Amino acid sequence: MATNEEQTRWIVHGERLIYDNRWIRLGLVDVEIPGGERFEHHAVHLDRAAMTVLVDDQSRILMLWRHRFLFDRWGWELPGGLVEVGEDPKDTAAREVEEETGYRPKEIEHLITFQPMVGMVDSEHIVFLGRGAELVGEPAGEVEADRLEWIPIKEIPGMIARGDVWNSGVLVGLLYARERLNGMRG
């Protein structure tokens, strides 16, 4: 007798690349769904991203106020960026915090890895929890945020409710960090 997974699994017969550049790879995947229907399905492949929920000794999180052109919308985000080929995501997370904020995390640990847009997009996000920070300089490189602030953790739920935090990676990271930090107190 077949399990539910066997009855609902899609079969992949292959994928052909139709667009490829530094930022995005678009493919057409030859799939067969249960029941035998076979067709091509779009697949978007993005590089992995790493970000950090950096918490200081006053229970504040370092966040950046950023504009996202695609939606013409501002919001609070966490420092982060794309994992370079051969780079450990933990190193990416720490590097991005320092480049974008001028702070260096004193400790950093894996929090959660997730896919924010399953179905057609492969865009693995790896979130880290950083504890403590040392200011080592000014943000380096291109300007990515209008401002950065240490925001008290207790203010985060209100910011989410108002829509000031709306990025999926940031939401997941903040919610998991809250659970991890509350578990340590409890």
Side-chain angles (χ1 to χ4, degrees), residues 21-24 44 46-84 87-118 121 123-185:
N21 74 12
R22 158 77 177 94
W23 302 103
I24 188 169
V44 178
L46 304 172
D47 289 342
R48 297 182 301 161
M51 64 188 76
T52 304
V53 180
L54 185 59
V55 182
D56 71 4
D57 58 1
Q58 297 176 48
S59 295
R60 300 177 305 173
I61 296 174
L62 185 59
M63 298 189 74
L64 301 103
W65 182 247
R66 288 183 167 162
H67 178 260
R68 293 298 180 178
F69 76 92
L70 193 57
F71 308 98
D72 192 21
R73 187 170 173 188
W74 290 87
W76 287 104
E77 296 186 10
L78 299 169
L82 299 179
V83 178
E84 295 178 5
E87 186 177 31
D88 184 307
K90 185 175 183 179
D91 294 336
T92 303
R95 174 179 51 78
E96 290 288 340
V97 169
E98 191 169 330
E99 285 177 4
E100 294 181 358
T101 71
Y103 284 91
R104 181 177 295 148
K106 291 182 179 176
E107 298 175 32
I108 193 165
E109 66 183 83
H110 179 259
L111 187 59
I112 183 76
T113 298
F114 69 99
Q115 288 277 355
M117 302 176 285
V118 297
V121 180
S123 175
E124 183 177 74
H125 284 51
I126 307 130
V127 184
F128 293 86
L129 176 62
R131 290 189 175 93
E134 174 186 5
L135 184 61
V136 295
E138 293 294 317
E142 61 188 76
V143 176
E144 295 190 40
D146 187 57
R147 66 185 195 265
L148 61 97
E149 290 183 23
W150 286 98
I151 298 175
I153 292 174
K154 65 182 179 187
E155 292 181 21
I156 300 295
M159 294 166 62
I160 293 170
R162 284 190 307 276
D164 291 338
V165 177
W166 54 277
N167 172 308
S168 67
V170 177
L171 290 165
V172 169
L174 290 172
L175 294 172
Y176 267 85
R178 184 180 69 180
E179 290 303 310
R180 174 81 52 93
L181 294 168
N182 285 339
M184 291 178 60
R185 292 184 193 115

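Quick note: numbers below take in every heavy atom, side chains included, and nothing from hydrogens, waters or symmetry partners. Model, not experiment: these values are computed from the prediction.
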Original post:
Hey, mind stepping through Trp76 and Ile151 against side chain to side chain contact (heavy atoms under 4.5 Å, CB included) and telling me if it holds?
Top reply: CA-CA 10 Å; Trp76 287 104; Ile151 298 175; 3.8 Å; yes
Report the distance from atom [atom1] of [X] to atom [atom2] of [Y], rounding to the nearest 0.5 Å.
X: Glu98; Y: Thr52; atom1: CD; atom2: OG1; result: 11.5 Å
X: Asp164; Y: Arg73; atom1: CG; atom2: CZ; result: 8.5 Å
X: Leu181; Y: Tyr176; atom1: CG; atom2: OH; result: 14.5 Å
X: Asp72; Y: Leu70; atom1: CG; atom2: CG; result: 10.0 Å
X: Arg104; Y: Leu54; atom1: CZ; atom2: CG; result: 12.5 Å
X: Ile61; Y: Met159; atom1: CD1; atom2: CE; result: 9.0 Å

For [X] and [Y], which heavy atoms make the closest approach, and how far apart are they?
X: Leu111; Y: Gly173; result: CD2-O, 3.6 Å
X: Arg131; Y: Arg180; result: NH2-CG, 4.1 Å
X: Ser168; Y: Pro116; result: OG-CB, 3.4 Å
X: Ala177; Y: Val53; result: CB-CG1, 3.6 Å
X: Phe114; Y: Gly169; result: CZ-CA, 3.5 Å
X: Met51; Y: Ala93; result: O-CB, 4.2 Å

Original post:
What's the verdict on side chain to side chain contact (heavy atoms under 4.5 Å, CB included) for Val165 and Ile156, showing C-alpha distance, side-chain angles and the deciding distance?
Top reply: CA-CA 8 Å; Val165 177; Ile156 300 295; 5.5 Å; no
If the threshold is 4.0 Å, N to carboxylate O, is there a salt bridge linking [X] and [Y]?
X: Asp47; Y: Arg22; answer: yes
X: Arg95; Y: Asp91; answer: no
X: Asp88; Y: Lys90; answer: no
X: Glu100; Y: Arg66; answer: yes

**OP:** Anything under 30° is parallel, anything over 60° is perpendicular, the rest tilted; go ahead and classify Tyr103 against Trp150.
**Re:** perpendicular
**OP:** Describe, in one word, how the ring planes of Trp74 and Trp65 are oriented to each other, choosing from parallel (under 30°), tilted (30 to 60°) and perpendicular (over 60°).
**Re:** parallel
**OP:** Walk me through it: do Glu124 and Ile126 pass the test side chain to side chain contact (heavy atoms under 4.5 Å, CB included)?
**Re:** CA-CA 7 Å; Glu124 183 177 74; Ile126 307 130; 3.7 Å; yes
**OP:** Show the numbers, then the answer: is there a side chain to side chain contact (heavy atoms under 4.5 Å, CB included) between Trp166 and Arg68?
**Re:** CA-CA 11 Å; Trp166 54 277; Arg68 293 298 180 178; 4.1 Å; yes
Original post:
When Val127 is tested against each of Ile112, Thr113, Leu174 for side chain to side chain contact (heavy atoms under 4.5 Å, CB included), which residue passes?
Top reply: Ile112
Subject >> Heavy-atom donor-acceptor pair, Glu109 side chain to Leu129 backbone, under 3.5 Å >> reply: no
